[in-house]
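Here is the structure we will look at.
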Amino acid sequence: EVNEAYVGQSGYSREELLHMRISDLEAKESPQEVQAHQGKIKRTGHDRFETEHRRKDGTVWPADVEATYWPGLDLVYVFIMDATERKRAERQAAEHRQELEALQKSQIAAHTAAAFAHELNQPLGAISSYTEAALMMLGGASPDLARLRGTIEKSRDQALRAGNPIRSLLELLNTGSGTAQPLDLNHEIRDALRLARTDLDLDFHTRLTLERGLSRVRANRIHLQKVLLNLFHNAVEAMRDAHVPQPEVIITVRTSRDGNVAQVTIRDHGPGIDPRDAGHLFETFFTTKAKGIGMGLAISRSLIEANGGQLWCDPGQAPGATFHLTLPFEK
């Protein structure tokens with residue numbers, strides 16, 4: 001039997017369809033694959049899958065199929081839905097994601113280029129000045145070698161100064177490749193803490209509160225790892241600079257109040273954030289550190305947002321600083 005909806009969709013008459021096989025309509029599977037698929041449905045009793053059917057005029061349309069086998073009647077009941085609109089929506093969503101990813105890469109590239117220019121400009125200017133001074137000394141009748149040596153050493157120091165932030169920036173921006181995937185957020189937190197102690201050589205205590213049975217989130221593992229390591233490093237460095245005797249990072253993982261995302265809260269016992277600085281923390285080149293370049297939090301927020309989440313701080317929470325990030329659950 002066949003209903004009017006499939007008659008209209010296929011372009012065949014009811015009489016024509018009742019004399020045809022599934023393999024005559026199937027556009028994705030071969031006749032052998034159709035036969036094997038039918039055998040599987042009879043063995044398991046049920047299957048749900050995507051495929052394509054061919055109309056009488058030769059055009060192909062995507063179909064969502066749900067098949068149930070009734071052994072008592074030796075009958076297969078098949079429910080078929082036209083998936084054209086769903087496929088179109090998926091393509092549009094994929095295109096939108098690609099546009100967002102391209103925009104994200106463009107923003108990071110722009111930040112990177114600006115950071116290089118900003119960080120290199122001053123030391124390169126100093127190197128040029130010291131080099132000119134050294135050349136003038138060499139052009140004199142009897143150059144003061146001690147003074148010349150000091151000038152060359154200052155030029156060397158400025159070259160090292162230019163290299164350090166470049167290395168730090170490249171390390172931060174080495175976000176790796178790969179796409180978003182389902183992740184166990186509790187496991188990723190533990191792994192990032194391990195890396196913070198081994199790879200970054202950070203010495204601190206942790207207080208972990210993890211939600212049991214937390215649903216998997218969808219994110220790029222390397223992006224998440226980079227953000228967590230940056231937040232841990234910032235927290236420990238702030239406590240170290242404030243001479244906190246036993247640095248401790250408090251981490252809480254839970255489902256957000258609205259239930260749509262997982263939320264990670266990271267709190268330290270450092271000096272906290274000046275309310276006057278709170279609105280600028282995620283701006284490029286803004287830093288409260290003596291040796292910072294002001295890129296860590298800006299890039300971290302960009303990476304979390306590229307994965308569909310958010311990153312923000314609660315400057316009013318005391319003691320210390322409190323940061324939150326969210327990531328969407330795997331659908």
Nearest 0.5 Å, please: how far is [atom2] in [Y] from [atom1] in [X]?
X      : Y      : atom1 : atom2 : answer
Arg147 : Leu145 : CZ    : CG    : 12.5 Å
Gln38  : Glu33  : CD    : CD    : 12.5 Å
Met136 : Thr151 : CE    : OG1   : 11.0 Å
Glu16  : Asp24  : CD    : CG    : 11.5 Å

Side-chain heavy atoms nearer than 4.5 Å, only ILVMFWY residues, links allowed to pass through others: does that put [X] and [Y] together?
X      : Y      : answer
Leu208 : Val236 : yes
Val244 : Ile266 : yes
Val76  : Phe79  : no
Ile80  : Val7   : yes
Trp312 : Leu327 : no

Return the set of residues passing side chain to side chain donor-acceptor pair (under 3.5 Å) with [X] (not counting sequence neighbours), or none when no residue passes.
X     : value
Glu85 : Arg88
Arg14 : Glu1, Glu4
His37 : Glu29, Asp47
Gln35 : none

Query raised in the report: Taking the inter-plane angle between the rings of His53 and Tyr6 on a 0 to 90° scale, is it parallel (under 30°), tilted (30 to 60°) or perpendicular (over 60°)?
Result: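 The rings of His53 and Tyr6 stand perpendicular, inter-plane angle above 60°.
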
Does [X] come within less than 4.0 Å of [Y], counting only side-chain N to carboxylate O?
X     : Y     : result
Asp74 : Lys42 : yes
Glu95 : Arg91 : no
Asp64 : Arg86 : yes
Arg21 : Glu26 : no

Query - Distance-minimising heavy-atom pair for Ser300 and Asn230 - result: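 So the minimum-distance heavy-atom pair works out to OG-ND2, 3.1 Å.
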
Report task. Give the minimum heavy-atom separation between Pro143 and Met137, together with the two atoms involved. Result ->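 Reported closest heavy-atom pair: CB-O, 3.1 Å.
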
**Report entry** Partners passing side-chain contact (heavy atoms from CB on, under 4.5 Å) against Ala262 (at least two apart in sequence or in another chain)
**Finding:**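 Ala262: side-chain contact (heavy atoms from CB on, under 4.5 Å) contacts with Leu185, Leu214, Val217, Phe329.
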
Requested in this report: Begin from the C-alpha positions of Glu305 and Ser302 and carry the test side-chain hydrogen bond (donor to acceptor under 3.5 Å, both in side chains) through to its verdict.
Outcome: CA-CA 5 Å; Glu305 289 178 350; Ser302 294; 5.4 Å; no

Can any side-chain N or O of [X] pair as donor or acceptor with the backbone N or O of [Y] at less than 3.5 Å?
X      : Y      : value
His223 : Ala219 : no
Glu237 : Asn234 : no
Ser129 : Gly125 : yes
Thr44  : His46  : yes
Ser128 : Leu124 : no
Asn220 : Ile222 : yes
Arg267 : Ile250 : no
Asp268 : Ala321 : yes
Thr252 : Thr209 : no
Asn260 : Pro328 : no

Query raised in the report: Do we see a donor-acceptor contact under 3.5 Å between the side chains of Glu211 and Thr255?
Result: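 Yes, because at least one side-chain N or O of Glu211 sits under 3.5 Å from a partner of the opposite role on Thr255.
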
Report task. Take Val65 and Glu50 through the test side-chain contact (heavy atoms from CB on, under 4.5 Å) and record every step on the way to the result. Result -> CA-CA 6 Å; Val65 180; Glu50 296 180 12; over 6 Å; no

Requested in this report: Return each pair, listed once, that meets ring-ring contact (aromatic ring centres under 6.0 Å, His included) where at least one residue sits in residues 182-216; pairs must be two or more places apart or across chains.
Outcome: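 As it turns out, there is no ring-ring contact (aromatic ring centres under 6.0 Å, His included) pair with a partner in residues 182-216 once direct neighbours are skipped.
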
